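The block underneath contains the structure these notes are about, expressed in structure tokens.
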Amino acid sequence: LGILTLNTLRRSPLYGSISAWTHLFGPYDFSKAPIGPAGCAVHAHEKPAARGTWAPHGVHAYYLGPARDYYRRHRVYVP
């Protein structure tokens, strides 16, 4: 997450009008993989097969970063 965040904020050394991330990998689609602050508390959805009928639908977790291989999914740490 740190490299992604820094390279989207940093300007390209060759082309000053675009970010370093855009220069290396192409434009970053924030709609496809939104970025949030790392380490913030979130609720992660728990699948119905893994929980009881009347159990809460989410568990406490911490945000690690976007899962860029999937559409609007995030990597989280569940303690």
Side-chain angles (χ1 to χ4, degrees):
L1 179 65
I3 293 172
L4 169 65
T5 305
L6 290 176
N7 280 335
T8 54
L9 295 174
R10 184 174 164 245
R11 291 190 316 183
S12 170
L14 297 177
Y15 307 103
S17 62
I18 62 172
S19 70
W21 182 272
T22 302
H23 178 76
L24 294 172
F25 305 108
Y28 187 81
D29 187 5
F30 289 96
S31 297
K32 180 181 174 189
I35 300 174
C40 74
V42 296
H43 270 84
H45 182 262
E46 195 170 23
K47 297 203 179 242
R51 60 178 162 82
T53 304
W54 296 100
H57 292 200
V59 294
H60 294 287
Y62 295 97
Y63 180 78
L64 296 177
R68 292 192 312 248
D69 296 335
Y70 302 98
Y71 184 73
R72 291 192 180 183
R73 297 237 178 137
H74 306 278
R75 293 181 305 121
V76 297
Y77 169 72
V78 179

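Computed over heavy atoms, backbone and side chain alike; hydrogens, waters and symmetry mates excluded. Just so you know, these numbers come straight off a predicted model, no measurement behind them.
- Sparse packing is recorded around CZ of Arg73, with 12 or fewer heavy atoms of other residues, nucleotides or ligands lying under 6.0 Å away.
- Note on ring orientation: taking the six-membered ring where Trp is involved, the planes of Phe25 and Trp21 are tilted (angle from 30° to 60°).
- Annotation: side-chain contact (heavy atoms from CB on, under 4.5 Å) contacts of Val42 (sequence neighbours excluded): Cys40, Ala61, Tyr63, Val76.
- For His43, the ring pair (Phe, Tyr, Trp, His ring centres under 6.0 Å) test picks out His60, with sequence neighbours left out.
- Using a 4.5 Å heavy-atom threshold, the side chains of Glu46 and Pro56 count as separate.
- Remark: side-chain polar atoms of Arg72 are paired, donor with acceptor, to backbone N or O of Ser31 under 3.5 angstrom.
- Counted within 6.0 Å of CD1 on Ile3, heavy atoms from surrounding residues, nucleotides or ligands total 12 or fewer; the atom is thus considered open.
- Scanning both residues, Ala33 and Tyr28, for their nearest heavy atoms gives O-OH, 2.7 Å.
- Residues Gly16 and Arg11 come closest through the heavy atom pair O-CD, 3.2 Å.
- Across all non-hydrogen atoms, the minimal contact from Pro34 to His74 is O-CE1, 3.7 Å.
- Atom CZ of residue Arg68 and atom CG of residue Asp29 lie 12.5 Å apart, to the nearest 0.5 angstrom.
- No continuous path of hydrophobic side-chain contacts links Leu14 to Leu24 [ILVMFWY only; heavy atoms under 4.5 Å].
- Relative ring orientation between His45 and His57 is described as perpendicular, the plane-to-plane angle rising above 60° on a 0-90° scale split at 30° and 60°.
- Scanning for side-chain contact (heavy atoms from CB on, under 4.5 Å) contacts around Thr5 gives Leu1, Leu9, Ile35, with sequence neighbours left out.
- Atom CG of Leu6 and atom OG of Ser19 lie 11.5 Å apart (nearest 0.5 Å).
- Taking every heavy atom of both residues into account, Ala41 and Tyr62 meet most closely at CA-CD2, 4.1 Å.
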